[in-house]
Amino acid sequence: MKIATWNVNSVRARLAAVEAWLREARPDVLCMQEIKSTDDTFPAQAFEDLGYNCAVHGQKTYNGVAILSKRPIEDITRGLPGPDGDEQARYIEALIPGDTGMVRIASIYAPNGNPLEAFSGKVGTGFPPETATKQKNETGKFAYKLDWMKRLKAHAEGLLALKEPLALMGDYNVIPADIDCHDPAVWANDALAQPQSRAALRAIEHLGFTDAFRAQTAAAGHYSFWDYQAGAWQKNRGIRIDLILLSPQALDRMTACTIDKPVRGGEKPSDHVPVVCELNI
DNA sequence: ATGCCGACAGGATGTCGA
């Protein structure tokens, strides 16, 4: 079974590119993030025409995750357990039957977490009303990121106990290590590279997950994201933040894991590229 | 020091991303 994850940066803006990639790569499962669509505006028909079933957890304008599958999509769960009032659509999970067994798959869009500090930017004139607004808008993004990762860890722990093939795949918004970054100094003050962010990811991995790509190679210089700005793609200034975390039962069936780098050079590309994994299931 | 680019909502330009 060929499974993939791709932060498409708007499924509607990216529809032609996603359709083209599905025709070429023919994955059995594609987890998408940042679809930036509600369930109503999600272009399900286009994917159904290519032979895919769709499970969507959408949101207007921001975030949004989905799972496409050539096989049936069963036991769908939308959202992580957590406090009421978290309206951000960042998690969808389902059970997919393979030829020889089931695999549980989650499409994950972890929070970015920037800016790091409440007053990292301008605070206007400093009058109390503006200060209060700035504080309200900018406080807590990094805290939300770390809290969300804790919620993911708690949920992942329960899933691991099922002892079944499991793939938690998506945009983790964490640069796991310096070798996953073109220039660590550039990202040193970014939420994606903070020690707390890396610790939050490690804490999940230490439950018993393996970074599928890192099971294949220890080499530096493999990225999944290149900023649209400042010629980052042309200069290969990228970072690897799109990960496939596998349970032991999934890892033992893995035969390949690759990053489809050329997609970044395509027509009207996303700033992320697909990460693909082959499982003997 | 900040913007660079791109998508969105809405109908100008601010918000957000990483």
Problem set entry | Any residue meeting salt bridge (Lys or Arg N to Asp or Glu O under 4.0 Å) with A:E205, in chain and number order, not counting sequence neighbours | none
Exercise. Nearest to the side chain of A:N7 - B:dC4, B:dA18, B:dA9?
Worked result: B:dA18
Seminar exercise, completed: Comparing nearest nucleotides in DNA chain B, the 5'-proximal residue of the pair A:Q88, A:S37 is A:S37
Exercise. So which pairs with a foot in residues 153-177 of chain A pass salt bridge (charged side-chain N to carboxylate O under 4.0 Å, His left out), sequence neighbours left out?
Worked result: A:R104-A:E164
Seminar exercise, completed: Note: contacts of residues 266-275 of chain A with DNA chain B (heavy atom, under 4.0 Å) are A:K268, A:H272
For this session: Kindly write out the residues that satisfy salt bridge (Lys or Arg N to Asp or Glu O under 4.0 Å) with A:D242, not counting sequence neighbours, or none if the list is empty.
Result: none
Exercise. Do any side-chain nitrogens or oxygens of A:N112 fall under 4.0 Å of OP1 or OP2 in B:dA18?
Worked result: yes
Exercise. In terms of side-chain heavy atoms of A:T61, which of B:dA9, B:dA7, B:dA18 is nearest?
Worked result: B:dA9
Exercise. Of all the choices, B:dC5, B:dC8, B:dA18, which nucleotide is nearest to the side chain of A:N114 once you look at every atom?
Worked result: B:dA18
Exercise. Does a nitrogen or oxygen in the side chain of A:S10 sit under 4.0 Å from OP1 or OP2 of B:dC8?
Worked result: yes
Seminar exercise, completed: Looking only at B:dC8, B:dG17, B:dA9, the nucleotide nearest the A:Q229 side chain is B:dG17
Problem set entry | Phosphate-side-chain proximity, A:K36 and B:dG6, N/O vs OP1/OP2 below 4.0 Å | no
Problem set entry | Residues forming a ring pair (Phe, Tyr, Trp, His ring centres under 6.0 Å) with A:F213, sequence neighbours excluded | A:H222
Problem set entry | Given B:dA18, B:dA7, B:dC5, the nucleotide with the shortest approach to the side chain of A:N9 | B:dA7
Just the atom pairs and distances: protein N or O near nucleotides 12-14 of chain B's N or O, under 3.5 Å.
none

Problem set entry | Proximal nucleotide (of B:dG6, B:dA18, B:dA7) relative to the A:Y228 side chain | B:dG6
